[in-house]
Structures are given as structure tokens and as C-alpha cells.
Visitor: 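Sharing a structure below in C-alpha cells format, with a few things to ask.
Below, chain A is the first sequence line, B the second, and so on; all start at residue 1.
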Protein chains: 2
Amino acid sequence: MDNETSLRNERKRGSGVKVVYDILRDEILHLELPPGSPIDEVQLSERFGMSRTPIREALVRLAGEGLIDTLPNRSTMVSQIDFLNMHSYFDALVLMYRVTTQLAARYHRPEDLEIVRARQAEFAAAVEAQDALAMISTNAELHLAIAEAGRNPYFTALFSRLLNEGRRILRLYYQSYNDRLPRRFVEEHDEMIAAIAARDTDLAESLARLHAEQIVAQVQKLLVRGDRLDVKL
Amino acid sequence: MDNETSLRNERKRGSGVKVVYDILRDEILHLELPPGSPIDEVQLSERFGMSRTPIREALVRLAGEGLIDTLPNRSTMVSQIDFLNMHSYFDALVLMYRVTTQLAARYHRPEDLEIVRARQAEFAAAVEAQDALAMISTNAELHLAIAEAGRNPYFTALFSRLLNEGRRILRLYYQSYNDRLPRRFVEEHDEMIAAIAARDTDLAESLARLHAEQIVAQVQKLLVRGDRLDVKL
DNA sequence: TGTATTCAATTTGTCGACAAGGAATATGCA
DNA sequence: TGCATATTCCTTGTCGACAAATTGAATACA
């Protein structure tokens, strides 16, 4: 944290909020700040070497995305994962998988596919290395790249939020990821990308649906088995 | 604005942000602050009789919802309506109409229907009174109530944002609303509500789709005719 | 000993002031 | 007169300090 405070003087005006926002967002999504962690403004202002004002602005933005919860006049903390309404999450996730993939098949441009294929290569590498944490990240990046090729900012924004929420959920279970499924996911991704490149919207949508439903079924199996990790950092 | 500043001393701690946020949001959605209007922090702080800090927090939240755009170190203004990418908007709107109505048919509880029917009565009253502005508002409220009966916060949040954006678009055209279509919309609403009450998810979804596509077609017709009102307030 | 009340400590919400970055204006030069 | 540069003004970004609200401890009382 010293290297953060040392940047105090070289910081450009207006960049402070973004730095705090990006770092906290990362720490929340990577569960370095697990759900329920207290967020203290003065502590953060000391850590980042700036006053509470830009800290608060970053927190307001995080709250707007549902990553932290603020109780008026009281503590603010990293938002809990709502395991009770998980089916709402799965419904939304599957639908966004479907619609973004379909739109990608319809509206993508050649340069989009390069990015998508690069992301897929990163995902395949993570699978090859059996790096579960990297799989989660690169999978989200891949599907976000597909969504961006679909060029609908409303869907992309919701999907991005869902994928981020998914990172937090999956991290709780990532040790269970070391089975045959990841390699299957690589193949499914390849099929989806081929359907997108061929502009076959129906095939792309149905592949995305199957893909998403497999993921959901896998996570649900972990949920009912209750073999959640105790994350303590 | 005097009645706003006069509340200065009686204001409860923490309520200031919400007041500013709600009022500005309303004024933006009702086009009292049309797209492109400059937002001046000092001016607002004088108007509401509070310092710039809570004003800024309200503005950050509005920016998070895309209602205002902020240029760093420069002015901030009410966000423009993006008429070029309108098809993205229509795609998202139609899909949310469909999915929220379908989920309402599946998950609604009896007390939800009371609220929905009350909203529908308000919409019918607005149509009867030929009050186009009230039609826009009550129509959005009705569909939001249906979405809430579907109990998926992810869809509800996106739909709410889309309906709000729709208020701004429709207000630009509301004079064209005085034709036979509104009465048709009342009937379609009744059919949708009946399908929801009967828990017929497929029928509810297809009715919602037809309903949404009619609205979109109507708005698109207005768009290409280009008979936009010059809103000056 | 248990409960209610008061008080202190901590944390958030708000404030007024100052400084930095742009934009508009004024100035200098050809 | 036309263009480049300097200056001023205005708005935003950040700061340190104070005040209100809440929590938990300490005290008083039965």
C-alpha cells in the first residue's frame, strides 16, 4: 500500500476516483474483499493517500453497480451474494448468453472476430494450465468480447454485470473446476465462434443456450452439494 | 425554487442527496431538462440550498444511470438521446417486454395483480382523458409493475432503465399520440393481464411481443416521418 | 444482577475554501 | 487584418474540518 500512497503527488487531477474505483472493483470481484467486508472511508483515504471526497465518489459508483451496500449513517460493506434468488440470476445469465451470441452472429465485423479468437486462445491456455482462476477470468472476457461484437450496449452492460457477479460466485467453488468440463467448454466455444463467423444466428443462439445451461447446471450441482469453499484471506 | 432553499434547515441528515437525485431525475425524464442542458454544480447548490458535495453525489449517481454525461474538468450535461443506435434500444425493449411479462405469468402472486390492475386503470383513465403525457407515465408504471411481479431484479432494473429512456423519446413525439392506437393498447393490456392471471406463460409472452412490436413500429414511423416536436421550456 | 439511561467514541454527511484545468478573451506580432 | 500566444475567468476536483447519527460502553437505578 506504500506504493499507492507514494503516488500522491504525481497523480493527475481527476484520476484519483478512477484508480480507487478500479482497484476496489478488482478486489471485490477477486474476493480479496469477500462479501460482508467492511469498507472504511478514512482507512481507504489513508491507504490511497487522498482525502475522503474522491474515495466517497468511487464508493457511490460501486454502490450503483451493486458491488457494495451502504447503510445510511452507518457502515458500508461489500455486498452479499444472494444465494436465495439464484434462479433469477441464472435466468438472466442464460438469456444474455443467448441474445448476445445471436447478435454477435448478426452484427459482428471481421476485426471483432480477431479479438474473440484471442480471448478464446487465452481461455484455452488457462484450461491447459489447469488454472481455475484464470479460466473464470478469461471465460468472462471471451463472452464479453462476443457481446461487444453484438453491438447492443444495453445487453452488454447487463451481461457484464452478470459475468462479474458470476466471478464472485464461481470463485467460491473454483476447486471443483478440475474435471473434464473445461475441455468441453473449449470445444463449445469453438463451435459458437464458428457459428458467429458463419453468421448463422439460429445456430449461434442455440449453441449459446446449451453452453449456458451446462454451466448453470454445473454450478447448481455445486450449490446443492454445498461444497462451498471457506474463503478466508 | 424558493420553497426548495427554504427547506434548508429542516432537512434531515442524508436526505439531501436523495432529494436532489429524485428531482433532477424527474426533470430529465420529463424533458424539463432537455438533452444537452448544461448542469452547473454551483447553480444547483444555490437552488437546493446545500453545498456542492451532496449535489455532486447525486450527479455521480445520475451519471451511473446514463442520464447525464460528464466531461472531465469540463461541463456536465443531460445526456443526448442516441437516435443512431435506436435499433439496439428497440431490440432490448422488445425482449424485456417479452421476458418480464412471461415471468410475471409464472411467478406473480395475487397481491401483484391488484397493483397491476390499478396501474392499468390509471392508464385507461389517461387514455380516456386523452392526456398523452399521463399515458406515457402510466404505461411505464404498468409495465414496471408487471416486471416486478416477475421477480427478477436483473430484468426489472434493465427494463426500468429502458422505460425511462422511452419516456424521454416519447415525449418528443407525444402530440402524435392522439389517434386510435391508445385505445387498442388498453385492450392489449387487458389481454396480457388476463394471460398473466391465467398463468399462461406462452400466451403472455406472445401478447407482450406483439404489443411491444406495435409500439416500436409506431415510434419508428414517427422517427422516419421526422415530425419531432421542438421542445422548448 | 438485570435493565434503562447517559455518555463517549467512531463513522458518516456536509460544508466552505482553495487549486488545477479549460475556455474565452485579450494582447502581441507579422 | 490574421494568427499565435498570454492572461483571465469560470467550473470542476480535492482538501481539511466540523457536525450529526449511531454504536457500544459506562453508569445509575431497581
Visitor: So, B:Glu32 and B:Arg167, do they make that salt bridge, N to O below 4.0 Å?
Guide: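 The answer is no: the pair does not qualify as a salt bridge.
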
Visitor: Given C:dC15, C:dC18, C:dG21, which nucleotide is nearest the side-chain atoms of B:Arg52?
Guide: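 The answer is C:dC18, which lies nearest to the side chain.
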
Visitor: If you look at every strand shown and take non-hydrogen atoms under 4.0 Å, does A:Glu41 touch a base, only sugar-phosphate, or nothing?
Guide: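 Answer is sugar-phosphate: A:Glu41 comes under 4.0 Å of backbone atoms only.
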
Visitor: Counting only side-chain N and O atoms of A:Thr53, is one of them less than 4.0 Å from OP1 or OP2 of D:dT14?
Guide: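 Answer is no, no contact under 4.0 Å.
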
Visitor: Out of the candidates B:Val20, B:Ile23, B:Val42, B:Asp40, only one should pair with B:Arg47 under the side-chain contact (heavy atoms from CB on, under 4.5 Å) rule; please name it.
Guide: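 Output: one option passes, namely B:Ile23.
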
Visitor: Pairs under 3.5 angstrom only: tabulate donor-acceptor contacts from the side chains of residues 146-160 of chain B to other protein residues two or more places apart or in another chain.
Guide:
| from | atom 1 | to | atom 2 | distance (Å) |
| --- | --- | --- | --- | --- |
| B:Arg151 | NH1 | B:Asp112 | OD2 | 2.7 |
| B:Arg151 | NH1 | B:Ala149 | O | 3.2 |
| B:Arg151 | NH2 | B:Asp112 | OD1 | 3.4 |
| B:Arg151 | NH2 | B:Asp112 | OD2 | 3.4 |
| B:Asn152 | OD1 | B:Tyr154 | N | 3.0 |
| B:Asn152 | OD1 | B:Phe155 | N | 3.3 |
| B:Asn152 | ND2 | A:Ser88 | O | 2.9 |
| B:Thr156 | OG1 | B:Asn152 | O | 2.9 |

Visitor: Which salt bridge (Lys or Arg N to Asp or Glu O under 4.0 Å) pairs, counting each pair once, include a residue from residues 56-69 of chain B, with sequence neighbours left out?
Guide: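 Those involving residues 56-69 of chain B are A:Arg56-B:Glu57, A:Glu57-B:Arg56, B:Glu41-B:Arg56.
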
Visitor: Considering every strand and a 4.0 Å limit on heavy-atom distances, what is the contact class for B:Ile39: base, sugar-phosphate, or nothing?
Guide: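 Sugar-phosphate only.
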
Visitor: Could you pull out all donor-acceptor pairs under 3.5 Å where a side-chain atom in residues 92-103 of chain B meets a protein atom, sequence neighbours excluded?
Guide:
| from | atom 1 | to | atom 2 | distance (Å) |
| --- | --- | --- | --- | --- |
| B:Arg98 | NE | B:Glu205 | OE2 | 2.5 |
| B:Arg98 | NH2 | B:Glu205 | OE2 | 2.9 |
| B:Thr100 | OG1 | B:Met96 | O | 2.6 |
| B:Thr100 | OG1 | B:Tyr97 | O | 3.3 |
| B:Thr101 | OG1 | B:Tyr97 | O | 2.6 |

Visitor: Can you list everything that forms a side-chain contact (heavy atoms from CB on, under 4.5 Å) with A:Asn73? Sequence neighbours excluded, please.
Guide: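 A:Asn73 satisfies side-chain contact (heavy atoms from CB on, under 4.5 Å) with B:Arg13 once adjacent residues are dropped.
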
Visitor: Rounded off to whole Å, could you give me the CD1-to-C1' distance for the A:Ile55 and C:dG13 pair?
Guide: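 Rounded to the whole Å, the gap is 16 Å.
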
Visitor: Considering only side-chain heavy atoms of B:Arg56, which listed nucleotide, C:dT11, C:dG13, D:dG13, is closest?
Guide: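 For B:Arg56, the side-chain atoms sit closest to D:dG13.
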
Visitor: Which nucleotide in the set D:dT14, D:dT12, C:dC15 lies at the smallest distance from any side-chain heavy atom of B:Pro54?
Guide: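 The answer is C:dC15.
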
Visitor: Using the closest heavy atom to pick a nucleotide of DNA chain C for each, name whichever of B:Ser15 or A:Asp40 lands nearer the 5' end.
Guide: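 It is A:Asp40 whose nearest nucleotide is closer to the 5' end.
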
Visitor: Whole-Å distance between D:dT12 P and B:Glu57 CD?
Guide: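 After rounding, the gap between these two atoms is 17 Å.
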
Visitor: Using a 4.0 Å heavy-atom cut-off, does B:Val17 contact any base of the nucleic acid, only the sugar-phosphate backbone, or nothing at all?
Guide: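 B:Val17: backbone/sugar contact only, no base atoms under 4.0 Å.
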
Visitor: Tell me the interatomic distance from A:Glu46, atom CD, to D:dG16, atom C1', rounded to whole angstroms.
Guide: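 Answer to the nearest Å: 14 Å.
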
Visitor: By a strict heavy-atom criterion of less than 4.0 Å, which residues belonging to residues 61-75 of chain B are in contact with DNA chain C?
Guide: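 Heavy-atom contacts with DNA chain C come from B:Asn73, B:Arg74.
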
Visitor: Can you list everything that forms a side-chain contact (heavy atoms from CB on, under 4.5 Å) with A:Asp22? Sequence neighbours excluded, please.
Guide: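 Scan of A:Asp22 (side-chain contact (heavy atoms from CB on, under 4.5 Å), adjacent residues dropped) gives A:Lys18.
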
